[in-house]
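Please read the structure below before turning to the comments.
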Amino acid sequence: MASRIASILAGGEPVGSKVTIEGWIRTRRDSKAGLSFLAVHDGSCHDALQVVAPAELANYASDIQRITTGCSVRCIGELVQSQGKGQSVELRADSVEVVGWVDDPDTYPMQPKRHTMEYLREVAHLRVRTNIVGAITRVRHSLAQAVHRFFHERGFFWIHTPIITASDAEGAGQMFRVSTLDLANLPKTPDGKIDWDKDFFGKEARLTVSGQLNVETYCLALSKVYTFGPTFRAENSNTRRHLAEFWMIEPEIAFADLAADAQLAEDFLKFIFKELLRERADDMAFFEKFVDPECVKRLTSMVETKFERMDYSDAIKTLQSSKEKFEYPVTWGIDLQSEHERFLTEKVVKGPVAVINYPKDIKAFYMRLNADEKTVAAMDVLAPGIGEIIGGSQREERLEVLDRRIEEMKLHAADYWWYRDLRRYGTVPHAGFGLGFERAIQYATGVENIRDVIPFPRAPRQAEF
RNA sequence: UCCGAAGUAGCUCAGUGGUAGAGCAGGCGGCUGUUAACCGCCGGGUCGUAGGUUCAAUCCCUACCUUCGGAGCCA
């Protein structure tokens, strides 16, 4: 059985022991002193292991000296103290077997040099062999595990809300259609419309844009629940912050108000980033050095700083009385622009802040109406360096108020019959929030384009891999 | 979708109205317990696509495609 390079570099194998490693070549350097140095990575950690291959090996000239970046190898040998600088231990090889050659080294897309992220995106099947995408991938995993650990340890249940939805009541944005109908020969009703009754589900179906409405049903039985899964938006968004397919985390808690929701959001962010700093110090050091010098400081600060709370109305007053010149003017009733959010969290609070109680007209129908009848119990958690990172709310649990809001927003109560049922049968105050997983990864690593923090990005005109 | 920028060797880029260069990568050789090493030599490009202007276009013009950045939408 091969050892993981992570375990070897962490001191899990004593010097002098015989080990086998399996991985891919980063670089080969020959020395005429009669040996070659192979930097081998297996993805288990950020660093590669240096393998020293002496010229006495039987296949030295035939194989080892022909090794290029990207070849896969199996190396067996003794773990020894390194004679050179840059690594503490290295593998003195008794055998180096090339498991897979690189066909044409001249055109192998990955080279031992710095590539642009744009270029790497064009070779998404190979880009994970680079330092940076490997690091992103391990960070992504570590954060995902921390998310589940946070909720599990606090008694939350993970609910697998559906990917396909036929309710068309989720509200947020353009949705992808799901259909098995023959596009070239659509069945029609007598009045010439598409006969959706002939489609797979007997009605129009789409990919979900949020698991929230579904997860609320489970919340009102299991008390503490969350979703963590893929979400889809068919918006023609071409930005470094949007994907057509992304992962979202949406906890929902029963017998809870907005204050409890904000506290949950604070505890949650602190937990996952603390765990990340602990588990992936190697990769975070890499991001700090090559991608974003502030990233570790930013996370450390968030973990240690108490989040403030600020009423939306106070936030507006603060913005209005500031001397800052904003591109968008500030009046009560507007949705805060990115520049406003950054100002509040970076200049006013100088730390994370939960802005609460937004005007009802700029928020969704399901958010709970406050006593002033003008605002709803919504919150946005803002953080320095990014602005909004979490959005959430207390949900409207009073049926008559919910119905009024549905009507005001020109929605159809009938579309929400099962959602309304929750308010008819044993309703309780409850609250939740949503976090875009990829945006959390961007925040943690400083990677600028969201397409680089998901293995295979889906965006307008982009679904090659 | 709107605004702006860019597409020249495998990669990163420079460059000129008279069909092009560098660094890295690759091949060969030299050198070294090396650290995306270093030194020398060599191969490699219908300059995004399609039209147009011109004696002549990679360079100027138009359209399109693609990518990037910003905006909107939002997570």
Side-chain angles (χ1 to χ4, degrees), chain A residues 25-39 41 47-55 65-66 68-70 80-87 90 92 102-123 126 130-132 171-174 208-212 227 230-250 290 327-328 335-339 362-364 380-381 386-392 433-443 448-454 459-462 464:
Chain A
I25 298 291
R26 276 256 154 74
T27 58
R28 187 196 92 220
R29 294 179 294 276
D30 296 330
S31 168
K32 279 298 183 296
L35 34 89
S36 287
F37 299 98
L38 307 172
H41 70 100
D47 291 326
L49 180 68
Q50 174 155 289
V51 173
V52 182
Q65 289 201 297
R66 289 174 49 226
T68 56
T69 301
V80 297
Q81 216 79 49
S82 180
Q83 294 173 32
K85 298 187 202 105
Q87 60 281 318
E90 62 194 20
R92 187 153 196 92
V102 166
D103 239 27
D104 179 8
D106 195 29
T107 57
Y108 179 59
M110 297 296 100
Q111 293 167 7
K113 59 175 281 192
R114 197 164 183 159
H115 286 109
T116 61
M117 297 309 282
E118 294 79 35
Y119 171 70
L120 290 176
R121 228 169 278 148
E122 293 169 19
V123 285
L126 299 171
T130 61
N131 279 326
I132 187 167
Q174 282 291 112
T208 184
V209 293
S210 164
Q212 185 201 315
T227 71
T231 310
F232 307 87
R233 301 278 165 91
E235 300 287 354
N236 190 12
S237 297
N238 254 300
T239 81
R240 59 190 183 83
R241 301 182 310 282
H242 291 85
L243 288 166
E245 176 183 278
F246 62 100
W247 285 58
M248 194 151 63
I249 298 153
E250 298 170 289
F290 291 107
E327 193 184 335
Y328 293 88
D335 205 356
L336 297 181
Q337 296 293 317
S338 191
E339 56 172 347
I362 57 170
K363 291 293 181 181
D380 283 348
V381 178
I386 186 174
E388 181 186 338
I389 185 165
I390 275 180
F433 63 78
L435 169 75
F437 186 51
E438 284 75 18
R439 292 203 179 161
I441 300 169
Q442 285 186 276
Y443 179 70
E448 289 185 339
N449 196 308
I450 199 167
R451 298 176 194 202
D452 301 321
V453 299
I454 191 167
R461 309 191 61 78
Q462 184 166 51
E464 174 71 17

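What you see is a predicted model; the values in this text were computed from it and never measured. For the numbers below, each heavy atom of this structure counts, side chains included, while hydrogens, waters and symmetry mates do not.
- In this structure, of B:rG33, B:rU12, B:rC65, it is B:rU12 that holds the atom nearest to the side chain of A:Tyr119.
- The shortest distance between the side-chain N/O atoms of A:Arg28 and the OP1/OP2 oxygens of B:rA37 is not below 4.0 Å.
- Judged by atom type and distance alone, A:His115 does not reach the base of B:rC11 through any side-chain donor-acceptor pair under 3.5 Å.
- Checking B:rG33, B:rA36, B:rC11 against the side-chain heavy atoms of A:Arg92 singles out B:rG33 as nearest.
- When rounded to the nearest whole Å, the span between CG of A:Asp335 and P of B:rG72 equals 11 Å.
- Closest to the side chain of A:Thr239, out of B:rU12, B:rA71, B:rG33, is B:rA71.
- Here A:Arg121 lies in heavy-atom contact (under 4.0 Å) with sugar-phosphate atoms only.
- Base pairing annotation: B:rA6 forms a Watson-Crick or G-U wobble pair with B:rU66, both donor-acceptor distances under 3.5 Å.
- Residue A:Arg26 has no polar side-chain atom (N or O) positioned under 4.0 Å from OP1 or OP2 of B:rU34.
- Distances were taken from every side-chain heavy atom of A:Phe37 (C-beta onward) to each of B:rC73, B:rU12, B:rG33; the shortest belongs to B:rG33.
- Closest to the side chain of A:Ser82, from the set B:rC68, B:rU34, B:rU66, is B:rU34.
- Residue-to-nucleotide contacts include no donor-acceptor pair under 3.5 Å from the side chain of A:Ser237 to the base of B:rC74.
- Here B:rC11 is the nucleotide among B:rC11, B:rU66, B:rC73 with the atom lying nearest to any side-chain atom of A:Lys113.
- A close approach under 4.0 Å does not occur between any side-chain nitrogen or oxygen of A:Arg240 and OP1 or OP2 of B:rC68.
- In this structure, the CZ atom of A:Arg241 is 11 Å from the C1' atom of B:rG69, given to the nearest Å.
- Between the C1' atoms of B:rU8 and B:rC13, the separation comes to 9 Å (whole Å).
- At least one side-chain nitrogen or oxygen of A:Tyr328 sits closer than 4.0 Å to the OP1 or OP2 atom of B:rG72.
- In this structure, A:Phe290 atom CZ and B:rA36 atom P are separated by 9 Å, rounded to whole Å.
- Looking at A:Glu122, its side chain has no donor and acceptor atom pair within 3.5 Å of the base of B:rU67.
- Across the C1' atoms, B:rG45 and B:rU19 are found 11 Å apart, a figure rounded to whole Å.
- Using C1' as the reference atom, B:rG21 and B:rU62 are 30 Å apart when rounded to the nearest Å.
- Close to B:rA71, at under 4.0 Å from its OP1 or OP2, lies no side-chain N or O of A:Gln337.
- In the set B:rG33, B:rA36, B:rU67, the nucleotide with an atom closest to the side chain of A:Glu118 is B:rU67.
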Distances for protein N or O near nucleotides 2-4 of chain B N or O, under 3.5 Å:
none

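- Separating the CD atom of A:Glu90 from the C1' atom of B:rU35 is a distance of 11 Å, rounded to the nearest angstrom.
- Rounded to whole Å, atom C1' of B:rC74 lies 14 Å from atom CD of A:Glu438.
- Here B:rC73 presents its P atom at 11 Å from CD1 of A:Ile362, a figure rounded to the nearest Å.
- Rounded to an integer number of Å, the gap from CG of A:Asp30 to C1' of B:rG27 is 14 Å.
- The base of B:rG26 does not come close enough to the side chain of A:Gln111 for any donor and acceptor atom to sit less than 3.5 Å apart.
- Each of A:Thr69 and A:Ile389 was assigned the nucleotide of RNA chain B with the nearest heavy atom; the assignment lying further toward the 5' end belongs to A:Thr69.
- Side-chain nitrogen and oxygen atoms of A:Arg29 include at least one within less than 4.0 Å of the OP1 or OP2 phosphate oxygen of B:rA37.
- One C1' atom belongs to B:rA63, the other to B:rU53, and the distance between them is 15 Å to the nearest Å.
- Dashed line: the shortest gap from a side-chain N or O of A:Ser31 to OP1 or OP2 of B:rG33 is under 4.0 Å.
- Between B:rU58 and B:rA50, the distance separating the two C1' atoms is 15 Å to the nearest Å.
- Residue A:Gln442 contributes atom CD, which lies 13 Å from atom C1' of B:rC74 at whole-angstrom precision.
- Contact annotation: A:Thr116 reaches the phosphate of B:rU12 (side-chain N/O to OP1 or OP2, under 4.0 Å).
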